[in-house]
*Asks:* 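My structure is below; once you've seen it, I'll send some questions.
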Amino acid sequence: MSTNHDLPAQYDPGETERAIYQRWIDAGIFAAEEKRSRRNGGDRDPFVVVMPPPNVTAVLHMGHGLNNTVQDVVVRWRRMVGDETLWVPGTDHAGIATQNIIEKQLAAEGKSKADLGREAFVARTVAFVEETGGEILRQLRAIGASADWNRTAYTFSPELSVGVREAFVQLYERGLIYRGHRVIHWCPRCLTSLSDEEAEHTEEAGSLYHIAYPIAGAKGNATLTVATTRPETMLGDVAVAVHPDDERYKTLIGKTVMLPIANIEIPIIADEYVDPAFGTGVVKITPAHDPNDFEVGKRHKLSMPVVMAADGTMANGIDADARVPADLLGIDRFEARERIIRSLEKSKLLLEAQPHQHAVRHCYRCDTVVEPRLSDQWFVRMEPLAKPALKAVRDGTIRILPERWEAVYVNWLENIRDWNISRQLWWGHRIPVWYCEKCDNAIVSRTDVAACEKCGGTVRQDEDVLDTWFSSWLFPISTLGWPDKSSAALAAFYPTDDLITAPEILFFWVSRMIMAGYAFMDAPPFHTVYLTGTVRDMNHVKMSKSLGNGIDPLDVVNQFGADALRYTVISGMGMGADLMLDHRDLERSFAPGRNFATKLWNIGRFLLSNVGGTPVRSVDELRDADLTLPDRWILGRLNATTLECNAALGPARPEKGKWRAEERYSGLRLSEYSEAARRFVWNDLADWYLETTKGRIGGAGNDSEVARAVLTHAFDGALRLLHPIMPFITETLWQRLPFPVDADRAEFLAVAPWPISHPVAGEERAAMASFDLICDAVRAVRQIRSDYAIPPGKAIDVSIQSRANETVFRDHAPLIGRLSRSTVQIGGESAEAGAAHAVLPDGSEVIVPLGGLVDLTKECGKLRAELEQLETQLSALSKRLQNEGFTKRAPANVVEAERKKEQDWTKRRVQLADKVSALCGG
RNA sequence: GGUCGCGUAGCUCAGCUGGUUAGAGCGCUGCUUUCACACAGCAGAGGUCCAGGGUUCGAGUCCCUGCGUGACCACCA
C-alpha cells in the first residue's frame with residue numbers, strides 16, 4: 001500500500017488512463033477462460049457479449065463510442081459480480097465499403113481495378129487492410145474497452161472463412177440456397193447486385209410522365225396513355241397492361257400499340273397487378289428493368305429485352321435487337337431520360353409531366369440510384385430460417401429492448417423475402433461453387449475443386465463473392481470456433497448473453513444472426529438484444545463525418561478523459577433514446593463528466609489526507625452503538641443506492657431460460673443506474689456525510705476510528721458502483737484506499753466484488769428519516785443566513801422549534817450548528833410545526849419552516865382520515881366480491897373491474913399505512 | 001401508403017406498472033475564494049407536463065380526437 005497519501009491537486013486523465021489500461025492488460029483480467037465457465041465444469045456463470053465488428057477500415061466515431069461504452073459498462077458490471085465474462089472483439093472485412101476505398105485510391109493514381117486484374121487487386125486490398133486495418137480496435141482501448149483481445153476476430157480470416165464455406169454448403173445441401181434468375185437491385189456505380197436491405201428508400205420529387213402510345217390500326221390518331229416515372233426504360237417495353245375489369249380499356253385488350261422511339265408493335269394485355277386508380281390505369285411492361293413487370297412478363301410469357309448496360313448506360317442487351325437507337329447508345333440513363341422526354345415532346349406524344357413524390361432506392365454504400373436489373377444471383381431461402389427466429393422473440397427466448405423494436409422485428413420476419421447473397425465484387429469470400437467447362441456440372445464444395453468430379457473436365461470457380469453479411473451473421477458462432485462443434489469456447493460461451501448495437505442493423509445483422517444461431521447450432525445466439533439510440537447534433541441531425549457535424553471520441557478523451565466521455569454517454573442515454581451532443585461546444589457536452597471525475601478526485605484527496613494511509617477498521621467489526629446517526633445514514637444510503645443500481649441494471653439473464661413477463665423489459669436502464677450512483681457520491685457522500693466527519697476524524701479515540709472506517713467504506717462502495725461507467729479514475733483512487741488490514745482484497749477494482757446489499761429494515765429507515773430531518777434543519781438555518789445576508793464569519797443564534805422531533809434535534813444540535821455555521825438551540829414555545837427561529841443582528845426575528853417537516857398533527861389527521869375512509873370502502877367492496885349472489889349475477893367484466901379496483905385500493909391502503917407509521921409513529 | 005415513437009423548466013432529457021409538494025444536468029440570479037473541490041459550495045428564480053375531451057376517489061402517467069415532429073417499413077408504374 002502506498003505510503004504517499006497525497007494526490008496531485010488536479011486529476012490528469014491523460015497521464016493515468018494509458019498506464020492503468022496497460023496494467024489491466026498485463027494482469028490478463030479481460031481474458032476469459034473456458035474452464036471457469038459453469039458450462040465447462042467451472043464455478044462461474046458465463047457472461048458473453050459479442051462486439052458488432054466495425055468495418056476493418058473504420059475510424060472511431062461517436063456511434064462506436066456510444067455503443068462500445070454501453071457494452072463495456074455491462075461487461076464490467078458482470079465481471080465485478082463474478083461472472084466469467086467474455087467480450088469478443090473483431091472487425092468486418094466490409095466487402096463493398098473496402099473495395100470502394102481501394103478503387104478510389106486507384107482512381108487517384110489514374111488506374112482502374114481492371115488495370116490491376118483481380119489477383120493484384122485483392123493482394124493490394126489485403127496489404128492495405130494489414131497495414132491500416134484494425135486501427136479502430138486500438139482506439140477502443142483508449143475509451144477503456146475491456147474486450148478479450150486475445151480472441152480478436154476478423155470476418156475474412158482463414159478460421160472464419162472456413163465457417164463461411166461450411167454455412168454456404170450446409171444451406172445448399174438443405175435446399176436453402178439456390179441460384180435464381182430475376183430482377184434484383186443493381187448499383188451501376190459499384191457494379192454489383194444488392195440485397196433488398198442494401199437498397200434504401202429515399203423520398204424524392206420526380207415526375208410522372210404521361211406518354212401516348214399510338215394504337216395500331218386504329219382510326220385517326222387514337223392513343224393509349226401510359227404513366228411512368230422512368231421513361232428511359234420504355235425502350236424495353238414488351239407490352240402495356242390494363243386491369244381486366246377496367247371498363248375504359250376492356251375493348252382494347254388483345255390489340256397492339258406502337259412503342260414510340262423503338263417503333264415496335266407491342267400487345268395490350270390484361271393483368272390484375274394494374275391499379276386502375278393510379279395514373280392513367282395503363283402500365284408499360286418492362287420485364288428486364290422492373291421487378292413487378294418481370295413477374296407480369298413471366299405470367300404472360302413475354303420476352304425480356306435488356307436495354308441498359310451494367311453501368312447504367314443505354315445499350316442493346318439480350319433480346320433487345322436494335323430497340324435502342326444509335327443516338328442513345330452509351331448515354332447515361334438520366335441523360336437518356338431527358339433526351340427521350342425531349343424527343344416525345346417534339347412528336348407530341350408527351351402529354352403531361354406531373355410532379356410526383358416517390359420513393360427511390362439508393363445504394364447504401366455510395367448513394368447512387370439503384371437500377372432494377374435482370375440477372376443470375378445466389379439466394380438464401382429465408383422463410384424456413386425465419387420461423388425459429390420469429391418463435392424465439394414471440395415466446396420470450398429472446399427479448400429486444402426497447403420493447404417497441406420487437407414489433408419491427410416480427411413484422412420484418414413475417415414478410416421476409418429471399419436474400420440475394422452474391423455480389424459482383426472482388427473483395428470478399430468467393431462463392432464456393434465450381435462450374436465444369438465441359439459438362440456444365442455445378443459443384444458446391446467445402447474445399448477447393450480442381451477438376452469436375454463427373455467428367456474430369458476443367459472447372460472454374462464462380463466469379464462472385466458473398467455479401468459481407470453472410471460472414472457477419474455467423475459472428476457469435478464462428479468467433480467461438482464453429483464449425484468445430486467440439487470447440488471448448490463454443491461449449492463454454494455459446495449461447496452468448498447480450499447483443500448491443502444500433503437499430504440500423506437490426507435486419508442486416510441481428511435478425512440474421514438469430515437465424516444462423518438456430519440454423520447451425522440449433523440454439524439462439526443471445527437472449528437479449530439492446531438497441532441503442534443514435535448520436536445526433538443539437539439540430540437532431542445524425543452525426544457523420546461527411547456532414548462535418550461529428551465529434552472525434554479521441555478528441556474528447558484527450559481533452560476531458562475517457563471517463564468523462566463514458567459518463568456523458570451513459571448518463572445522457574435513456575433506454576433506446578437518441579443522444580444529442582454539441583459538436584461545436586465539447587465543453588458543454590462533456591464538462592459534466594469531467595466535473596464529476598474531479599468531484600471524485602477531490603473526495604479522494606480529502607479522504608487520503610484526513611483518513612490517511614493507515615488501514616482503517618472494518619465496518620463489519622463496528623458495533624451498532626459506535627455508529628453515529630450520519631454513519632447509519634450513509635451506510636443506509638449506500639445500501640439503498642446499491643439496490644437502486646441493481647434494479648436499474650436488472651437481471652443479467654432470464655431466470656428460467658425464457659424471459660417471464662415481469663422481468664422481460666426490466667434492466668439495462670443505464671442512465672438510471674448512473675444517476676443513482678452520481679446522487680450517492682455527490683449529494684449524499686460529498687455534500688453531507690463528508691462534512692459530518694470533519695469534526696470527528698483526527699480527534700483521538702474511538703469515534704475518529706469509526707468515522708475513518710465508515711467514510712472509507714462508503715467511498716469504496718461508491719467507487720465499485722461507478723467503476724463500470726468510469727473505470728479509470730475509480731481504479732486509480734481505489735488502489736490507494738486505506739483498506740482494513742485483513743481485507744480480502746482483489747488486485748484491481750476491475751475484478752473486485754460488486755457491493756452487497758440487503759433489504760431495508762424498519763429501524764434503518766427510521767434512522768435515515770432522522771438524518772433527513774437534521775438536513776432540513778440545516779437547510780432552514782442556511783436559508784435564513786442567505787436570505788438575510790448574514791456574513792459567513794458572523795455567528796447567529798437560532799432556535800429550532802419542533803415538538804414532534806425535539807429529541808432528534810436536541811441530540812444533534814452541535815451538528816446542525818456546525819453544518820450551518822450557527823449556534824443552535826433546540827426548543828421553544830410555538831412548536832406545533834417544525835421551524836427555525838432566529839434573532840438577526842439588527843434585533844428583528846425571522847422564522848423559516850423546516851422543508852421536510854409538515855404540521856404533523858394536521859397531516860397525520862388527514863392521512864388517518866383518508867386511510868379510514870379507504871378501509872371502509874374497501875371492506876364494503878370486498879364483502880360484495882365475496883357475495884356469490886353478486887359475482888354470479890353481475891356481468892363478468894363488471895366483476896373483473898371490481899376486482900381490479902379492490903387490488904388498487906389494497907395497494908393504496910398499504911401505501912397510506914406505511915406513510916402513517918413513518919410520519920406519525922405507530 | 002402502412003407501422004411505431006415523441007411533444008414535461010431557456011436548452012438536453014428522466015419520470016417504469018395511475019397515488020405526498022413533477023425531477024436531473026447545463027444555463028440563469030444572488031452570496032462565498034471556508035483548511036477536498038470555483039471543473040466548487042450555499043441559497044434561489046423558472047413548469048396551465050402540446051391542445052381539447054373522456055375513464056377514475058385521484059391523470060404528466062390510461063383511452064379518444066386534433067396539431068406539431070421524428071423513425072422504420074413499402075413492388076402504385
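Note that these values count all heavy atoms, side chains included, but never hydrogens, waters or copies made by symmetry. A quick note: this is a predicted structure, and the numbers were derived from the prediction, not measured. Numbers restart at 1 for each chain; the letters A, B, ... are given by sequence-line order, proteins then strands.
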*Asks:* Inspect the contact between Glu663(A) and Arg399(A) and indicate whether a charged nitrogen and a carboxylate oxygen are less than 4.0 angstrom apart.
*Replies:* no
*Asks:* I'd like to know if Arg782(A) reaches the base of C42(B) with its side chain such that a donor and an acceptor end up less than 3.5 angstrom apart.
*Replies:* no
*Asks:* Could you give the NZ-to-P distance, from Lys599(A) to C26(B), as a whole number of Å?
*Replies:* 11 Å
*Asks:* Under 4.0 Å, heavy atoms only, any strand: does Leu581(A) hit a base, just the sugar-phosphate, or nothing?
*Replies:* nothing
*Asks:* Would you say Asn595(A) reaches A40(B)'s phosphate, i.e. side-chain N/O to OP1/OP2 under 4.0 Å?
*Replies:* yes
*Asks:* For Asn415(A), answer base if it contacts any base atom (sugar-phosphate contacts may also be present), sugar-phosphate if it contacts only those atoms, and nothing otherwise; contact means non-hydrogen atoms under 4.0 Å.
*Replies:* nothing
*Asks:* Should the pair Arg818(A)-Glu691(A) be classified as a salt bridge under the 4.0 Å nitrogen-to-oxygen rule?
*Replies:* no
*Asks:* What distance, rounded to whole Å, do you find between the two C1' atoms, one in C67(B) and one in A51(B)?
*Replies:* 7 Å
*Asks:* Any N/O pairs under 3.5 Å between the protein and nucleotides 3-11 of chain B? List them or say none.
*Replies:*
from   : atom 1 : to        : atom 2 : distance (Å)
C11(B) : O2'    : Arg588(A) : NH2    : 2.9

*Asks:* Return the nucleotide paired to A71(B): Watson-Crick means purine N1 to pyrimidine N3 with N6-O4 or O6-N4, wobble means G-U with N1-O2 and O6-N3, both under 3.5 Å.
*Replies:* U3(B)
*Asks:* Quick one: list whatever passes ring-ring contact (aromatic ring centres under 6.0 Å, His included) with Tyr11(A), sequence neighbours left out.
*Replies:* Trp601(A)
*Asks:* Taking atom P in both U34(B) and C42(B), compute the distance separating them and give it to the nearest angstrom.
*Replies:* 16 Å
*Asks:* Roughly, in whole Å, what's the span from CD in Glu587(A) to P in C39(B)?
*Replies:* 9 Å
*Asks:* Going by ring-ring contact (aromatic ring centres under 6.0 Å, His included), name the residues that satisfy it together with His358(A), two or more places apart in sequence or in a different chain.
*Replies:* His356(A)
*Asks:* My understanding is that only residues two or more places apart in sequence, or in another chain, count here; which of them pass ring-ring contact (aromatic ring centres under 6.0 Å, His included) with Trp905(A)?
*Replies:* none
*Asks:* Starting at the 5' end of nucleotides 56-64 of chain B, put B wherever the base has a protein heavy atom under 4.0 Å, S where only the sugar-phosphate does, and a dash everywhere else.
*Replies:* -B-------
*Asks:* Starting from C1' on U12(B), measure out to CG on Leu579(A) and report it in whole angstrom.
*Replies:* 9 Å
*Asks:* Answer with yes or no after comparing the ring centroid distance for Phe715(A) and Phe606(A) against a 6.0 Å cut-off, counting only values under it.
*Replies:* no
*Asks:* Say we look at U33(B) and G41(B): how far apart would their C1' atoms be, to the nearest angstrom?
*Replies:* 10 Å
*Asks:* So that I can tick it off, tell me whether Glu675(A) and Arg679(A) are bridged by a salt bridge, with the cut-off set at under 4.0 angstrom between side-chain N and carboxylate O.
*Replies:* yes
*Asks:* Taking the side chain as every heavy atom from C-beta outward, state whether Asp290(A) and Arg230(A) have any atom pair closer than 4.5 Å.
*Replies:* yes
*Asks:* Please write out the pairs of protein N or O atoms and N or O atoms of nucleotides 27-31 of chain B separated by less than 3.5 Å, giving the distance to one decimal.
*Replies:*
none

*Asks:* Tell me whether the OP1 or OP2 atom of U34(B) has a side-chain N or O from Lys694(A) closer than 4.0 Å.
*Replies:* no
*Asks:* Does any pair with a residue in residues 231-241 of chain A pass salt bridge (Lys or Arg N to Asp or Glu O under 4.0 Å), and if so which ones, sequence neighbours excluded?
*Replies:* Glu232(A)-Arg337(A), Asp237(A)-Lys284(A)
*Asks:* Any strand counts, and the cut-off is 3.5 Å on both contacts for Watson-Crick or G-U wobble. Which nucleotide pairs with A14(B)?
*Replies:* none
*Asks:* Could you please name the option among A43(B), U12(B), C73(B) that lies closest to any side-chain atom of Met580(A)?
*Replies:* U12(B)
*Asks:* Show me the protein contacts with nucleotides 74-77 of chain B, counting only N or O atoms at under 3.5 Å.
*Replies:*
from   : atom 1 : to        : atom 2 : distance (Å)
C75(B) : OP1    : Arg417(A) : NH1    : 2.7
C75(B) : OP1    : Arg417(A) : NH2    : 2.3
C75(B) : OP2    : Arg361(A) : NH2    : 2.5
C75(B) : O2'    : Asn292(A) : ND2    : 2.5
C75(B) : N1     : Asn292(A) : OD1    : 3.2
C75(B) : O2     : Asn292(A) : OD1    : 2.8
C76(B) : O2     : Asp275(A) : OD2    : 2.4
C76(B) : N3     : Asp275(A) : OD2    : 3.4
A77(B) : N6     : Asp275(A) : O      : 2.9
A77(B) : N6     : Phe278(A) : O      : 2.8
A77(B) : N1     : Asp275(A) : N      : 3.2

*Asks:* Any side-chain heavy-atom pair from Thr225(A) and Ile211(A) closer than 4.5 angstrom?
*Replies:* no
*Asks:* Using the P atom as the point on both nucleotides, what is the distance between C4(B) and G58(B), in whole Å?
*Replies:* 31 Å
*Asks:* Which one, G25(B), C39(B), A36(B), comes nearest to the side chain of Arg678(A)?
*Replies:* G25(B)
*Asks:* With sequence neighbours excluded, tell me which residues meet side-chain hydrogen bond (donor to acceptor under 3.5 Å, both in side chains) with Glu868(A).
*Replies:* none
*Asks:* Taking the C1' atom of each, how far is C13(B) from U56(B), in whole Å?
*Replies:* 30 Å
*Asks:* What's the closest nucleotide to the side chain of Thr598(A) if the choices are C37(B), C39(B), A24(B)?
*Replies:* C39(B)
*Asks:* Below 3.5 Å, does any donor atom in the side chain of Glu691(A) face an acceptor in the base of A36(B), or the other way round?
*Replies:* yes
*Asks:* Categorize Arg785(A) for me: base, sugar-phosphate, or nothing, with a 4.0 angstrom heavy-atom threshold over every strand shown.
*Replies:* nothing
*Asks:* Map Ala591(A) and Phe606(A) onto RNA chain B by nearest heavy atom, then report which one ends up closer to the 5' terminus.
*Replies:* Phe606(A)
*Asks:* Quote, to the nearest angstrom, the P distance that separates C26(B) from C63(B).
*Replies:* 35 Å
*Asks:* Can you sort out the partners of Glu662(A) under side-chain hydrogen bond (donor to acceptor under 3.5 Å, both in side chains), two or more places apart, ordered by chain and number?
*Replies:* Arg660(A)
*Asks:* What integer distance in Å separates Phe596(A):CZ from A40(B):P?
*Replies:* 12 Å
*Asks:* Roughly how many Å is it from CZ in Arg818(A) to P in C35(B), rounded to a whole number?
*Replies:* 16 Å
*Asks:* Do Val274(A) and Asp246(A) come within less than 4.5 Å of each other through their side chains, counting heavy atoms only?
*Replies:* no
*Asks:* Does a side-chain N or O of Trp682(A) approach OP1 or OP2 of G25(B) to a distance below 4.0 Å, or not?
*Replies:* no
*Asks:* CD of Glu672(A) versus C1' of C13(B): gap in Å, rounded?
*Replies:* 13 Å
*Asks:* For Arg708(A), which residues count as a side-chain contact (heavy atoms from CB on, under 4.5 Å) partner, sequence neighbours excluded?
*Replies:* Val611(A), Thr614(A), Val616(A), Ile697(A), Ser704(A), Glu705(A)
*Asks:* A22(B) and A38(B): how far apart are their P atoms, nearest whole angstrom?
*Replies:* 34 Å
*Asks:* Quick one: which of Glu200(A), His201(A), Glu204(A) gives a side chain to side chain donor-acceptor pair (under 3.5 Å) with His362(A)?
*Replies:* Glu204(A)
*Asks:* Considering residues at least two apart in sequence or located in another chain, which fulfil the ring-ring contact (aromatic ring centres under 6.0 Å, His included) criterion with Phe294(A)?
*Replies:* none
*Asks:* Suppose you measure atom C1' in C50(B) against the same atom in C6(B); what distance do you get, rounded to whole Å?
*Replies:* 11 Å
*Asks:* Mind checking if Gln10(A) touches a base, just sugar-phosphate, or nothing, with heavy atoms under 4.0 Å?
*Replies:* base
*Asks:* Any side-chain heavy atom of Met382(A) within less than 4.5 Å of one from Asp418(A)?
*Replies:* yes
